[in-house]
Asker: 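If you scroll down you'll find the structure; I have some questions about it.
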Amino acid sequence: MRVEIWSDIACPWCYIGKARFTKGLADFAHRDEVEVVFRSFELDPNGPKGVSAPVMEMLAQKYGRTLEEARGMEEHVAQSARAEGLTYRTEGRDHGNTFDIHRLLHLAAARGRQEELLDLAYRANFAEERSVFDAGVLLALAVEAGLDEAEARAVLADDSAYAEEVRADEREAAELGANAVPFFVLDRRYGISGGQPAEVFTRALEQAWAGREVEEPAPADGACESDGACAVPRP
């Protein structure tokens with residue numbers, strides 16, 4: 001069975017949803033026969049490259065909230081992350097264009113190190129004081145993930161490298177009707193949107209493996225839409 005996951009590093013629910021899916025997969029009897037592939041989806045594809053802004057200010061502007069209200073929104077997301085055993089910083093994070101990250105993830109996929117780089121990028125963005133919108137940080141993460149430094153540097157220096165692979169993923173997402181992430185596709189037959197509870201993923205995997213129709217789960221609060229808006233619990 002193949003599971004494809006469309007996500008973006010800037011999406012907190014993708015960070016949380018990956019952890020929940022991993023737990024759900026661990027409880028699936030045939031987990032060793034599941035291939036997981038990560039696909040690209042940009043929440044802010046029109047954002048200028050190399051420019052980032054504080055997350056709190058972005059949230060306040062996007063939702064028409066005060067900075068204090070934005071902090072409350074972030075804290076609610078943080079609580080969901082911490083419930084999954086994840087570290088989540090509510091202060092000091094930034095937000096920006098993720099195209100270079102996705103291009104580097106395609107290089108990592110070609111070298112068999114995609115999930116390693118993805119996990120490192122999530123950790124850097126949400127748990128550590130490291131900006132994934134800085135080329136130097138991205139290069140360091142690539143090396144930590146096991147990629148060749150010279151090759152990763154060359155990809156970052158060439159805006160066309162793996163650009164078509166990223167765009168192809170995004171076109172596929174649109175064709176599949178995915179307008180929010182995380183978006184999970186099981187064997188190109190069933191789609192699950194949002195950071196669903198782990199047991200929902202386990203049940204869906206079991207149903208798909210048995211060839212039964214996968215029950216459509218209830219809509220999840222945990223998703224970020226293509227305009228960059230994320231469904232967040234209100235304080």
Side-chain angles (χ1 to χ4, degrees), residues 1-9 11-43 80-81 83-86 98 101-123 145-147 162 164-226 231:
M1 180 186 295
R2 169 181 273 205
V3 177
E4 296 164 276
I5 306 174
W6 272 262
S7 58
D8 192 8
I9 290 297
C11 167
W13 292 113
C14 296
Y15 177 49
I16 296 167
K18 182 180 184 299
R20 291 176 176 173
F21 173 79
T22 299
K23 290 179 181 179
L25 179 62
D27 288 335
F28 177 52
H30 303 282
R31 57 188 172 275
D32 292 337
E33 297 174 74
V34 176
E35 176 192 12
V36 180
V37 179
F38 297 93
R39 302 293 191 189
S40 299
F41 190 105
E42 295 173 89
L43 291 176
S80 295
E84 303 302 329
L86 300 171
T98 56
I101 303 172
H102 286 295
R103 295 193 302 109
L104 208 54
L105 282 166
H106 274 280
L107 167 65
R111 301 294 178 263
R113 309 298 295 175
Q114 186 185 44
E115 188 165 9
E116 288 83 356
L117 179 57
L118 182 65
D119 285 340
L120 286 168
Y122 275 139
R123 189 174 73 193
L147 297 179
Y162 293 99
E164 177 52 33
E165 286 82 350
V166 175
R167 299 305 183 211
D169 279 356
E170 293 173 337
R171 286 194 298 270
E172 282 193 277
E175 291 166 2
L176 291 167
N179 55 16
V181 287
F183 186 67
F184 304 79
V185 176
L186 283 62
D187 270 348
R188 285 297 170 108
R189 293 183 295 163
Y190 310 108
I192 299 173
S193 182
Q196 299 283 348
E199 58 268 22
V200 170
F201 290 118
T202 303
R203 184 168 62 249
L205 289 165
E206 290 170 347
Q207 291 168 341
W209 186 269
R212 302 197 305 271
E213 188 74 20
V214 173
E215 299 173 12
E216 185 173 348
D221 286 337
C224 293
E225 298 180 2
S226 55

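The basis for the numbers below is simple: all heavy atoms, side chains too, and nothing from hydrogens, waters or symmetry mates. Just so it is clear, the model here is predicted, and its values are computed rather than measured.
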Asker: Any carboxylate oxygen within less than 4.0 angstrom of a Lys/Arg side-chain nitrogen, looking at R171 and E164?
Answerer: yes
Asker: Side chains of V34 and F28: closer than 4.5 Å at any heavy-atom pair?
Answerer: yes
Asker: State the OG1-CD distance between T202 and Q196, to the nearest 0.5 angstrom.
Answerer: 12.0 Å
Asker: Within the 4.5 Å heavy-atom criterion, are H102 and I9 side-chain neighbours or not?
Answerer: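 No. Closest side-chain heavy atoms not under 4.5 Å.
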Asker: Are the side chains of K18 and E115 in contact, using a 4.5 Å heavy-atom criterion?
Answerer: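 Heavy-atom side-chain distance check passes, below 4.5 Å.
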Asker: Would you call L43 and V181 a side-chain contact if the rule is heavy atoms closer than 4.5 Å?
Answerer: yes
Asker: For the OH atom of Y15 and the CG atom of L86, what is their distance to the nearest 0.5 Å?
Answerer: 4.5 Å
Asker: Closest heavy-atom contact between P182 and G195?
Answerer: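 It is CG-N, 3.8 Å.
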Asker: Which heavy atom of G194 sits nearest a heavy atom of F184, and at what distance?
Answerer: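 Between these two residues, the closest heavy atoms are O-CE1, 3.5 Å.
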Asker: So, the side chain of R39 versus the backbone of D169: is there a donor-acceptor pair under 3.5 Å, distance only?
Answerer: no
Asker: Decide, yes or no, whether a salt bridge links E206 with R203 under the criterion of side-chain N to carboxylate O below 4.0 Å.
Answerer: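 No salt bridge links E206 with R203.
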Asker: State, to 0.1 Å, how close A173 and F41 come at their nearest heavy-atom pair, and which atoms those are.
Answerer: CB-CD1, 4.0 Å
Asker: Find the distance between CG (D187) and CE (M1) and round it off to the nearest 0.5 Å.
Answerer: 5.5 Å
Asker: Is a side-chain N or O of R189 found less than 3.5 angstrom from the main chain of A208, in a donor-acceptor match?
Answerer: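 Yes, because the side chain of R189 sits within donor-acceptor range (under 3.5 Å) of the backbone of A208.
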Asker: Once rounded to the nearest 0.5 Å, what's the spacing between atom CD1 of I5 and atom CZ of F38?
Answerer: 4.5 Å
Asker: Roughly how far, to the nearest 0.5 Å, is the CZ atom of F21 from the CG atom of L205?
Answerer: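 Output value for this atom pair is 5.5 Å.
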Asker: Taking the side chain as every heavy atom from C-beta outward, state whether W209 and E33 have any atom pair closer than 4.5 Å.
Answerer: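 The answer is yes, as the side chains (C-beta and beyond) meet within the 4.5 Å cut-off.
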Asker: Mind listing the closest non-hydrogen atom pair of A145 and L120 along with its distance?
Answerer: N-CD1, 3.5 Å
Asker: Contact between F201 and L25 at the side-chain level, heavy atoms closer than 4.5 Å - yes or no?
Answerer: no
Asker: Determine, step by step, whether S80 and W13 satisfy the side chain to side chain contact (heavy atoms under 4.5 Å, CB included) criterion, reporting the C-alpha distance in whole Å, the side-chain angles of both residues, the deciding distance to 0.1 Å, and the verdict.
Answerer: CA-CA 9 Å; S80 295; W13 292 113; 3.7 Å; yes
Asker: For V166 versus R103, what's the shortest heavy-atom pair and its separation?
Answerer: CG2-N, 3.8 Å
Asker: With rounding to the nearest 0.5 angstrom, report the CG to OH distance, L117 to Y122.
Answerer: 11.0 Å
Asker: Would you call E116 and R111 a salt bridge, taking side-chain N to carboxylate O under 4.0 Å as the test?
Answerer: no
Asker: Between R113 and L147 (side chain of the first, backbone of the second, donor and acceptor by atom type, cut-off under 3.5 Å), is there such a pair?
Answerer: no
Asker: Is the side chain of R2 donor-acceptor paired with the backbone N or O of E35 at a distance under 3.5 Å, no angle test?
Answerer: no
Asker: Tell me, with the steps shown, if W6 and V185 meet side chain to side chain contact (heavy atoms under 4.5 Å, CB included).
Answerer: CA-CA 8 Å; W6 272 262; V185 176; 3.7 Å; yes
